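Here is the structure we will look at, set down as structure tokens.
Convention: sequence-line order gives letters A, B, ...; per-chain numbering from 1. Quantities reported herein were computed from a predicted structural model and do not represent experimental measurements. FYI, side chains are in, hydrogens and waters are out, and symmetry mates aren't considered; it's all heavy atoms of this structure.
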There are 2 protein chains.
Amino acid sequence: MNPLALDEQLCFPFYAISREITRRYRPLLEPLGLTYPQYLVMLVVWEEEGQSLKAIGERLHLDSGTLTPLLKKLEAADLLRRVRKPEDERHIQIFLTDAGRALRKQAETVPLDLVRTLDVDEEDLQVVKAALNRLVMKMSDPD
Amino acid sequence: MNPLALDEQLCFPFYAISREITRRYRPLLEPLGLTYPQYLVMLVVWEEEGQSLKAIGERLHLDSGTLTPLLKKLEAADLLRRVRKPEDERHIQIFLTDAGRALRKQAETVPLDLVRTLDVDEEDLQVVKAALNRLVMKMSDPD
DNA sequence: TCGATTTAAATTGTATACAATCTAATTGTA
DNA sequence: TACAATTAGATTGTATACAATTTAAATCGA
């Protein structure tokens, strides 16, 4: 058995599926004017306003090198505002604009639309979902 | 229940885990002078020489826009050679150099080293791998 | 058989990722 | 309380991804 065979690699399916999912989100998000990472940021901001870049980054496992330009793009699109926190000028806080709040309604059908495109075996889905949760728990541990 | 809650998204864990896995490969691949996508390409070329860019792309779900510069980098690193196919000049074929073949030996421990960083049950891994591979197959079907 | 179509790569332009470094603000402490 | 550490973002540089377009080669069809 060849340990370097592509089909033996655990990691490759994660990489391939992740990109395939992003591909399937694209046509659903295009009418909203969002990319997939931008959509993820909006999900986090829709949950709670006033979060810092740092807090959003911890949620999505992204750092300022990725988030700073991405948030600036969303600000340029008038979906949110980046405001320095008065009590601690090192932080920026993210607030929704009216347009950003309005976009949430348009986004509401996206999750179900996406699942419909997946058309996967229910049994596989359960196995994967359970395994993913174990992996996420284990991997977010600082070991 | 909020359908836009990040924790409800099935797709986010794929995105997060995929990037986490890439992060864990980095220190293992750095001594080989490879990035993770470059490593994947080498896996495919180690399996069979003479494959076209197109064939490699189908295996990894990557197009020429990604692969052309990546293969040029691997050629510049003297790991492989890009050769126009004489019978059909539209194709390029990928062949290993001696250095490229030699690197294979160095890479042999990488898969096991990576699994060790995941710290998960080996049996669990086999089950997940099989389910994920079925997902990849299903999702890359043109449905 | 010759122009239209198809095909494989390459190119262009945009948008992530992320390590490494820098800057400015805050905090801890001798 | 100066001032060294720490912290949050921003910046820089490199490496993907991928849509859209271009180029060159091969094939198809009237």
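With C:dT27, D:dT11, C:dA10 as the choices, the nucleotide that has an atom nearest any side-chain atom of A:Thr68 turns out to be D:dT11. Distance from the side chain of A:Arg90 is smallest for C:dA25 among the nucleotides D:dA17, C:dA25, C:dA8. With C:dA8, D:dT6, D:dA10 as the choices, the nucleotide that has an atom nearest any side-chain atom of A:Ile92 turns out to be D:dA10. In this structure, the nucleotide among D:dT16, C:dA10, D:dG9 sitting nearest to the side chain of B:Gln38 is D:dT16. Out of C:dT6, D:dA10, C:dA17, the shortest distance to the side chain of A:Arg82 is found at D:dA10. Counting only heavy atoms from C-beta on, A:His91 has its side chain closest to D:dG9 among C:dT16, D:dG9, C:dA9.
Base pairing of C:dA20 is made with D:dT11, judged by Watson-Crick or G-U wobble geometry with both donor-acceptor distances under 3.5 Å.
Taking the charged nitrogens against the carboxylate oxygens, B:Arg82 and B:Glu75 do have a contact shorter than 4.0 Å, which makes a salt bridge. Using a 4.0 Å cut-off between charged side-chain N and carboxylate O, A:Lys85 and A:Glu89 make no salt bridge. The existence of a salt bridge linking B:Lys105 and B:Glu108 is excluded, since no basic side-chain nitrogen approaches an acidic carboxylate oxygen closer than 4.0 Å. Under a 4.0 Å N-O distance rule, the pair B:Arg101/B:Asp98 qualifies as a salt bridge. A salt bridge does not link A:Arg26 with A:Glu30: none of the charged nitrogens is closer than 4.0 Å to a carboxylate oxygen. One finds no salt bridge joining A:Glu49 and A:Arg81 here, because no Lys/Arg side-chain nitrogen approaches an Asp/Glu carboxylate oxygen to under 4.0 Å.
The distance between atom CG of A:Leu29 and atom C1' of D:dA19, rounded to the nearest whole Å, is 16 Å. Atom CG in A:Leu34 sits roughly 10 Å away from atom P in C:dT16 (whole-Å rounding). Following rounding to the nearest Å, B:Tyr39 (OH) and D:dT16 (C1') show an atom-to-atom distance of 18 Å. One atom, CG of A:Leu53, and another, P of C:dC18, lie 14 Å apart when rounded to the nearest Å. For the pair B:Glu20 CD and C:dA19 P, the interatomic distance rounds to 10 Å; values are reported in whole Å. Atom-to-atom, CZ of B:Arg26 to P of D:dT14 comes out at 16 Å; the value is rounded to the nearest Å. Rounded to whole Å, atom P of D:dA10 lies 10 Å from atom CD of A:Glu75. Between B:Glu30 atom CD and D:dA15 atom C1' there is a gap of 15 Å when expressed in whole angstrom units.
If you check every strand for non-hydrogen atoms under 4.0 Å, A:Leu70 touches sugar and phosphate atoms only. Note on A:Glu87: only backbone sugar-phosphate atoms sit closer than 4.0 angstrom, heavy atoms only; bases stay farther off. Within the nucleic acid shown, A:Thr22 has no heavy atom closer than 4.0 Å to any nucleic acid atom.
Each of A:Asp63 and A:Pro86 was assigned the nucleotide of DNA chain C with the nearest heavy atom; the assignment lying further toward the 5' end belongs to A:Asp63. Between A:Arg23 and B:Lys85, the residue whose closest nucleotide on DNA chain D is further toward the 5' end is A:Arg23. Between A:Asp88 and B:Pro37, it is A:Asp88 whose nearest contact on DNA chain D lies nearer the 5' terminus.
The shortest distance between the side-chain N/O atoms of B:Tyr36 and the OP1/OP2 oxygens of D:dA15 is not below 4.0 Å. Checking the phosphate oxygens (OP1, OP2) of D:dT16, a side-chain nitrogen or oxygen of B:Thr35 falls inside 4.0 Å. Distances shown here put every side-chain N or O of B:Lys72 at or beyond 4.0 Å from the OP1 or OP2 atom of C:dA10. Contact annotation: B:Arg84 side-chain N/O to C:dA10 OP1/OP2 distance is under 4.0 Å.
Within 3.5 Å, no donor on the side chain of B:Ser64 pairs with an acceptor on the base of C:dA8, nor the reverse.
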